[in-house]
Amino acid sequence: MTTTTFSSTSPLDGSVVDTFPVHSPDDVDAAVDRARRAAASWRALGFAGRRRVLRAWRRDIVAHLDDLISLVRAETGKPRGDARLEIMLTLDHLAWAATHAPRILRRRRVGSGVLMLNQHASVGYVPYGVVGVIGPWNYPVFTPMGSLAYALAAGNAVVFKPSEYTPGVGAWLQRAFVRAGGAADVFAVVTGFGPTGAALCRAGVDKVAFTGSTATGKAVMAACAETLTPVVIEAGGKDALLVDEDADLAAAAEAAVWGAYSNAGQTCIGIERVYAHAKVYDRFVEAVAERTRELRAGTGDDATLGPLTMPRQADVVRAHVADALARGATPRVGSVPGAGTTVQPVLLTDVDERSSAVRDETFGPTLVVNRVASMDEAIEKANAVRYGLSGAVFSKRRGRELALRLRGGMIAINSVISFAAIPALPFGGVGDSGFGRIHGTDGLREFAYPKALTRQRFPLLTLTTMRRTATVDHIVERIIRALYG
Ligand code: NDP
């Protein structure tokens, strides 16, 4: 049994928000065992029964909205408005997963082909059993819910390990689920640090859904490899926004500023780089600079950006800005942040493409804007990083073409980050941004395995017999030649 505890502290004032157990590997094993027993009755509820509980959960979250907003603000430091927006988007996903699971996952008939005309073929989607969900702190409601809601709607029990920075939000979501009539073991929460997450990977869960940094994603995958446990990895990004010569510059500047600085830049799908066409570059940079100067990071209620949630992230921001400046970048707004976690927005232009501010995830309120001579150059530079999560294109004529050429799992044309708010769209990346999908049809199917069935309706050309005659082989050959010759 666990005896040690840890506290989550608020980035706003350092106060203790709450204290939680550091769950040991034995505790995690026990939670997974209980979840496995509970999974059977959750699955037996069927789509309609689960939808009732998930809808009640959604209503409960709405009924206690202010309480959750305050807790998200306390644990992450983000402004109340950002916390509210995050929860609104989450509710949409919860509703979508519950409503659409039956249509997407129920057994459906598929064609059986000419040679197997006598077979009735169908595919259905079977829940894995128990899914381990490991989540980050930056959007402690929205991000894990992309796995939790979809895994539960698909019929799995889940054991959730929230980030050590936001355990309170994880525990709150679980209490709301129980208030809504869900069984405590169907959606269980274990708390602690990295080792608790590592224990979850080794606790015999049937699938792991990880959201976090690329480095930790590799550790999770290595742990899961020991037992061939399948994983979804939603890792970081270095997303780019492209501005074409015919773009609506005011809209593009607004989007770049929101994409870069909202949530203090701690957004996996945040905009960290912009490539703007030389013909509009100066005007675009001026528009971005003007809007950036309006922003103020702080801990008060009037601040547009909160402090950074994770203290060591401020060191990464300082290092990236310093490296860019050392390589000749121009600091258009702000400069190397001083000590502390309240980081004012930084706008850098003419940044060397080899600098860490261009190549590595900064995860703070910084934006790099570089000039390109053509949109081909913009695509080439945008695609030259290891990450491939998402991106945005502002162009009147070439939006679709450029979006299709931009590397990443999700691209917005003439807006930014909007795909995350459309529950029907899959969410996920390629390369160092991970693999697998949450959200949408793909997200539901990520948490169930396809099970094929075929039933013989009447005897026809039976191919699977040792007593097959030469006549049968001859007929098959004639069919094949007629069809494919
Ligand atoms: P981390 O990778 O540090 O942690 C993510 C989670 O993994 C935390 O719960 C952490 O626990 C846990 N963990 C740490 N070590 C291990 C381990 N060895 N085995 C299993 N679990 C472990 O990420 P952050 O929390 O710092 O989140 C920020 C990152 O998340 C950024 O890179 C961001 O881009 C990415 N992200 C990606 C998203 C996407 O959908 N693609 C969405 C949101 C964020 P603990 O906190 O207790 O150490």
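We use all heavy atoms of the structure for the numbers below, so side chains are in, but hydrogens, waters and symmetry mates are not. One-based numbering, in listed order, for ligands and for the atoms of each.
Taking the six-membered ring for Trp and thresholds of 30 and 60 degrees, His64 and Trp172 have ring planes more than 60 degrees apart, a perpendicular arrangement. The aromatic rings of Phe193 and Phe6 lie tilted to each other, with the angle between the two planes from 30° to 60°. Note: Phe142 and Tyr139 have perpendicular aromatic rings, judged against thresholds of 30 and 60 degrees for the angle between ring planes.
Looking at Tyr139, Phe193, Phe6, Trp137 and measuring to atom 25 (O) of ligand 1, the nearest heavy atom belongs to Trp137.
The environment of Arg400 atom CZ is sparse: at most 12 non-hydrogen atoms of other residues, nucleotides or ligands sit within 6.0 angstrom.
Taking each heavy atom of Ile438 and Gly146 in turn, the nearest pair found is CB-O, 3.4 Å.
Taking atom 10 (C) of ligand 1 as the reference point, the nearest protein heavy-atom neighbour is Lys161 NZ, 4.0 Å. What sits closest to atom 23 (O) of ligand 1 on the protein, heavy atoms only, is Ser213 N, 3.4 Å. Nearest to atom 32 (O) of ligand 1 among the protein's heavy atoms is Glu361 OE1, 2.7 Å. Of all protein heavy atoms, the one closest to atom 41 (N) of ligand 1 is Ala235 O, 2.7 Å. Summary of contacts: the protein heavy atom closest to atom 28 (C) of ligand 1 is Phe363 CE2, 3.7 Å. If you check which protein heavy atom lies closest to atom 16 (C) of ligand 1, you get Thr216 CG2, 3.4 Å. At the shortest separation from atom 42 (C) of ligand 1 among protein heavy atoms lies Cys268 SG, 2.7 Å. Nearest protein heavy-atom neighbour of atom 8 (C) of ligand 1: Gly135 O, 3.3 Å.
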**Message:** Checking Thr9 against Ser7 for the side-chain hydrogen bond (donor to acceptor under 3.5 Å, both in side chains) test, could you report, in this order, the C-alpha distance in whole Å, the side-chain angles of both residues, the deciding distance, and whether it holds?
**Reply:** CA-CA 6 Å; Thr9 53; Ser7 297; over 6 Å; no

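Every atom of ligand 1 is numbered from 1 in the order shown, and the set under 4.0 Å from a heavy atom of Gly236 is 32 (O), 34 (O). Taking a cut-off of under 4.0 Å to the non-hydrogen atoms of Asn138, the atoms of ligand 1 that pass are 43 (C), 44 (C).
Heavy atoms of Gly434 come nearer than 4.0 angstrom to ligand 1 in no pair at all. Heavy atoms of Ala215 stay at 4.0 angstrom or farther from ligand 1. Using a non-hydrogen distance threshold of 4.0 Å, Tyr165 does not register as a contact of ligand 1.
For Leu389, no nitrogen or oxygen atom sits less than 3.5 Å from a nitrogen or oxygen atom of ligand 1, counting backbone and side chain alike. Residue Ser163 has at least one N or O atom closer than 3.5 Å to an N or O atom of ligand 1. At a 3.5 angstrom cut-off on N or O pairs, Glu164 counts as close to ligand 1.
For Asp66, there are no salt bridge (Lys or Arg N to Asp or Glu O under 4.0 Å) partners two or more places apart in sequence or in a different chain.
Annotation: cation-pi geometry not satisfied between Arg175 and Phe177 (NZ/CZ under 6.0 angstrom from ring centroid, within 45° of ring axis).
In this structure, Asp206 pairs ionically with Arg36, as a charged nitrogen and a carboxylate oxygen lie closer than 4.0 Å.
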